[in-house]
Amino acid sequence: MSEKNQLSAIYNPSEVEDKWYAWWMERKYFHSEPDGREPYTIVIPPPNVTGILHMGHVLNNTLNDVLIRKARMDGKNACWVPGTDHASIATESKVVAKLRDMGIDKEQIGREKFLEYAWQWKEEHGGMILQQLRKLGASCDWDRTKFTMDPDLSAAVVNTFVYFYKKGWIYRGVRMVNWDPEGLTAVSDEEVVHKDTRSHLYYLRYFISDGNGKPTDRYIMIATTRPETIMADTAVSINPDDERYHWLKGKKVLIPLIQREIPIIEDSYVEIGFGTGCLKVTPAHDIHDYEIGLRHNLPILDIIDDYGCLNENACILVGEDRFVARKKIVKMLEDAGNLEKVEEYSSPVGYSERTNAVIEPKLSTQWFLKMDELARKALESVESGQVSLIPDKYRNSYRHWMENVRDWCISRQLWWGQRIPAWYLPDGRFVVEETAEKALEEARKIDPAVTAATLRQDEDVLDTWFSSWLWPISVFDPDQPGHPGREPNADLAYYYPTNDLVTGPDILFFWVARMIMAGNEFMGDVPFRNVYLTGIVRDKIGRKMSKTLGNSPDPLDLIAKYGADAVRIGMLLCSSAGNDIFYDESQVEQGRNFCNKIWNSYRLIQGWMIDDNLQQSDINSVAVDWFKNKLNQTTETVEDYYSKFRISDALMTIYKTFWDDYCSWYLEAIKPSFGAGIDRATYEATLSYFEDLLKLIHPIMPFITEELWQNMRERKEGETILFQPSPKAGSYDEDLLSDFMLAEEVVNGIRGIRQQKRIPPKEALAVKIKGDFPERMLPVVEKLAGIASMEQTEDFGDPSGGVSLMVRTVELFIILSGLVNPEEEVRRLEDELAYQRNFLESVRKKLGNASFVAHAPEAVVALERKKEQDSLSKIESLENAINTLNNC
RNA sequence: GGGAGCAUAGCUCAGCUGGUUCAGAGCAUCUGCCUUACAAGCAGAGGGUCGGCGGUUCGAAUCCGUCUGCUCCCACCA
């Protein structure tokens, strides 16, 4: 015990945390293998392989870790599979940028060389985030760490492509896609963010052609936000019902500057009331125009290249960036007399989520996956409750998305990722197979002259989500995806479906929905039962945390400063499900303070000495009894909160039980006076309560709990709190709990008088008590309110010798000779009396209402009658006291 | 433009199917204490006509309507 006395007054997390994490790892306590127990499985939302830990990860992984640790203590075989995502666009653009700094151009070095650099980059920076997660205490099964581009996981992706292709759900088609001129790739609709952007609406004059390509002096006006695309116009459209423009029918107009002749067409897409009612039709650069073009068989003229610059088709401004071209062409139009006016204008513009470049609608050949059947089933999975979304408000948007989903553009014009397993014959026909060898074999069936040299693989890779949607399956059995009906391996059979998924709502459609699709397709079962959607972490003034704003603290700095347990608490304190998280460092401080409180409560009890000559006193007996019941109640509440994913409520419940009930009430009640020992029964109970509290809070605060749990008793070699069974909620005596609460209120009342009268805590008081107060609680009141003698009596005697107060229906009289000012006392009592009379009046008003008495349930009416009685008796006592005081 | 959600103490939130947890919690604030576990602490206290207005009901923070103010999702009216 002597070395224990050296515990410092301040808890020092850093050494404790590193020590225990290393110990857990060494003993592989997080590792899971299938066995006879019930599995509890979580797959990590894989962070970008080259990413670094930010507050969003902290929130997410703290929640995951709480769930997995809880399950582990509940006796389940807990398995949390970690890993990373190759994040094709994000990673590739980082590598491209790095190469650019080195003076290297991606296109020049070619695919092979580029991928070498990319892998090197991945080796250098990859997985750092997983190291960081260990600092947070994440109890992942690191032996199972996976990467979406591991050879076997990549094979799974390719297999699923082939599977869907052969099923007829993957097709190749020319479509208007969202082109990212920065990332040089198509991105999916979901990767485009629309932002209202200030721009201008330019009113341009298109002169009517005289029929020979020469302008007449009549013109029409066209409003556009993109004057640089006029060279790609292939028609001007009006609404067939627009009488203002009937005269235009059959005429042709000339594109300004280049004087190319284009027809006037009629299409009801054009809104009569919008702009000028005339629409320039640019099929190559606008999705709606493209559709109009299809309807009217218009030619498609593409004037913008992959980099967002004008090409030769534009005839003018060739090579200029689209935004530069816009500025220049406005000037040219003005000089040529084609610019009527310019208006300020604001409209939604699409930006690439990854590169923030303005998206250019562009026609190109891409690969698509049909979504209708997949979406239909995935919707059913949620509607039927096979998968619960928490909070369930997300069901609405989930449904909306599933009902309106479009085919998934799965090809990306990148190199970092799984290359599309399609091979082209010299004549343009293609085969889709898992490997080059099989492809060659199949290709030869079409054309025996084909050789490995003339068979060319598709240049594109697959969308990252086309690999991560397999994650809950492929981390266990990479051979499974693409082969539905195949017998899954032992891991997959045991761990699938996983239990809970914790992730942000921003990837509900990208990822969660698609995992459900893949699960249904390949496993015939959903990949998880519950999806807990966290909020987005914001700073305290509500801004989203981001690197660019610089408002995101580095979690590792926080951990170094406050400890991981404190950071976890800080995060959880403000994270009710579905609400955004307003993070503030003061919450982490609160977490640190809580650690310190726990630490010091341990310092207190470990310093006590058992005295076997002592019998358990009455107060110890009642305190021990009470706290056992309290703990049972808390445990029950906490279990209930966990079952509803209300983690922050669970935390707060334990927090209050630990701090208020255990430290402030229980320990103070049983605390031996200085130098005195403690009886064995009380000490043992106290230690066992402490142990239960540690177990209760362990999933949330893994480090300090292991440290103290190891310290508090002799432990066997290798024993750990990780596998201790969660405390089970026993029954509890409501009367006992409510009696103790009444005692607390009485103590608070007396302490309040002390404060008012400025009586030092050490000065013991004499108190008389009247009314219905449980006798067993008397010692509690005596000790905690600092009372020397406590007399239960029906008569307080001379009221001038002290102060009376009332707690519920209990009356107290504190003897304070010489400290009482009768006038002040009367005033205090009269205030109380006035309040009581008011209260009585309101109760009587209710009871006087015949309708209330007739309609309200028995119990409610009875309650009001009791209120009336209590109030009446209080009033009587108050009046008596006031009278007596006045007569003094 | 369509849809969803939110509005309760200075801050962050809890209050499920209307009546003892009905006006709550944590933090912050104020007052008094360095009391031998903890000043990262202890003990007290103050603070909200539950966004506005109507309605249903014996009774509304809770149900219905409406207005206002935020937030998010979906949607490329040139």
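The shown structure was predicted, so the numbers you read here are calculated from the model rather than taken from an experiment. Naming: A, B, ... by sequence-line order, numbering from 1 per chain.
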When you get a sec, tell me which of [options] is the closest nucleotide to the side chain of [X]?
| X | options | result |
| --- | --- | --- |
| A/H400 | B/A25, B/C58, B/C74 | B/C74 |
| A/Q755 | B/G19, B/A37, B/U31 | B/U31 |
| A/I10 | B/G19, B/A40, B/G26 | B/A40 |
| A/P857 | B/C58, B/G19, B/G32 | B/G19 |
| A/C663 | B/G26, B/A37, B/U31 | B/A37 |
| A/F274 | B/U31, B/C77, B/C58 | B/C77 |
| A/N600 | B/A25, B/C58, B/C38 | B/C38 |
| A/A856 | B/C74, B/G26, B/G19 | B/G19 |

Please determine whether a side-chain nitrogen of the Lys or Arg among [X] and [Y] lies less than 4.0 Å from a carboxylate oxygen of the Asp or Glu.
| X | Y | value |
| --- | --- | --- |
| A/R322 | A/E228 | no |
| A/E868 | A/K846 | no |
| A/E585 | A/K561 | yes |

query: Checking only heavy atoms, does the side chain of A/Q756 share a donor-acceptor pair with the base of B/A45 at less than 3.5 Å?
result: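 There is none.
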Rounding to a whole Å, what distance do you find between [X]:[atom1] and [N]:[atom2]?
| X | N | atom1 | atom2 | value |
| --- | --- | --- | --- | --- |
| A/R603 | B/C38 | CZ | P | 5 Å |
| A/L742 | B/U20 | CG | C1' | 15 Å |
| A/L573 | B/A14 | CG | C1' | 14 Å |
| A/L863 | B/G19 | CG | C1' | 9 Å |
| A/E864 | B/C22 | CD | C1' | 12 Å |
| A/I678 | B/A37 | CD1 | P | 13 Å |
| A/I230 | B/A78 | CD1 | C1' | 14 Å |
| A/L508 | B/C74 | CG | P | 10 Å |

Taking [M] as the reference, what is the distance to [N] when you measure between their [atom1] atoms (whole Å, please)?
| N | M | atom1 | result |
| --- | --- | --- | --- |
| B/G51 | B/U68 | C1' | 8 Å |
| B/C11 | B/G52 | P | 16 Å |
| B/U29 | B/C70 | P | 30 Å |
| B/U17 | B/U12 | C1' | 27 Å |
| B/A61 | B/G24 | C1' | 12 Å |
| B/C13 | B/A23 | P | 24 Å |
| B/G32 | B/C50 | P | 34 Å |
| B/G1 | B/G19 | P | 39 Å |

message: Please verify the inter-ring angle class for A/Y655 with A/W659; under 30° counts as parallel, over 60° as perpendicular, anything in between as tilted.
response: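 Correct class here is tilted.
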task: Could you check whether the rings of A/Y11 and A/W599 sit parallel, tilted or perpendicular, using 30° and 60° as the cut-offs?
output: tilted
- line: 5'-most contact on RNA chain B (nearest-nucleotide basis), A/T225 vs A/Y641, goes to A/Y641
- request: For A/E668 and for A/V747, locate the closest nucleotide of RNA chain B by heavy-atom distance; then report the residue assigned to the nucleotide nearer the 5' terminus.
  value: A/E668
query: For A/F703, what residues pass the ring pair (Phe, Tyr, Trp, His ring centres under 6.0 Å) criterion, not counting sequence neighbours?
result: A/W24
Would you indicate, yes or no, if [N] has its OP1 or OP2 atom less than 4.0 angstrom from a side-chain nitrogen or oxygen of [X]?
| X | N | result |
| --- | --- | --- |
| A/K846 | B/G59 | no |
| A/S397 | B/C72 | no |
| A/Y202 | B/A78 | no |
| A/N748 | B/G44 | yes |
| A/R646 | B/G15 | yes |
| A/Y345 | B/A78 | yes |
| A/W659 | B/C42 | yes |

field: Of A/K866, A/K867, A/K874, the residue whose pairing with A/D870 passes side-chain hydrogen bond (donor to acceptor under 3.5 Å, both in side chains)
entry: A/K866
statement: The dot-bracket string of RNA chain B, counting Watson-Crick and G-U wobble pairs with both distances under 3.5 Å, using [ ] for crossing pairs and | for pairs to another strand, is (((((((..((((.....[....)))).(((((.......))))).....(((((..]....))))))))))))....
Remember a base hit wins even if backbone is also touched, and classify [X] as base, sugar-phosphate or nothing at under 4.0 Å, heavy atoms.
| X | result |
| --- | --- |
| A/P505 | nothing |
| A/H855 | base |
| A/V270 | base |
| A/T224 | sugar-phosphate |
| A/S664 | sugar-phosphate |

task: Could you classify B/U66 for me, syn or anti, using a glycosidic angle within 90° of 0 as syn?
output: anti
task: Name the orientation of the base relative to the sugar in B/U21: syn if the glycosidic angle is within 90° of 0, else anti.
output: syn
Is it the case that over 12 heavy atoms from other parts of the model lie below 6.0 angstrom from the [atom1] atom of [X]?
| X | atom1 | value |
| --- | --- | --- |
| A/M741 | CE | no |
| A/K195 | NZ | yes |
| A/R399 | CZ | yes |

message: Using the side-chain contact (heavy atoms from CB on, under 4.5 Å) definition, which of the options A/M221, A/E340, A/R244 pairs with A/T276?
response: A/M221
query: For residues 587-599 of chain A, which residues have at least one heavy atom under 4.0 Å from RNA chain B?
result: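 RNA chain B contact set from residues 587-599 of chain A: A/Q590, A/R592, A/N593, A/N596, A/K597.
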message: Aromatic contact between A/Y662 and A/Y666, with the criterion being ring centroids under 6.0 Å apart: yes or no?
response: yes
OG1-CG distance between A/T282 and A/D233, expressed to the nearest 0.5 angstrom: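 Answer rounded to 0.5 Å: 4.0 Å.
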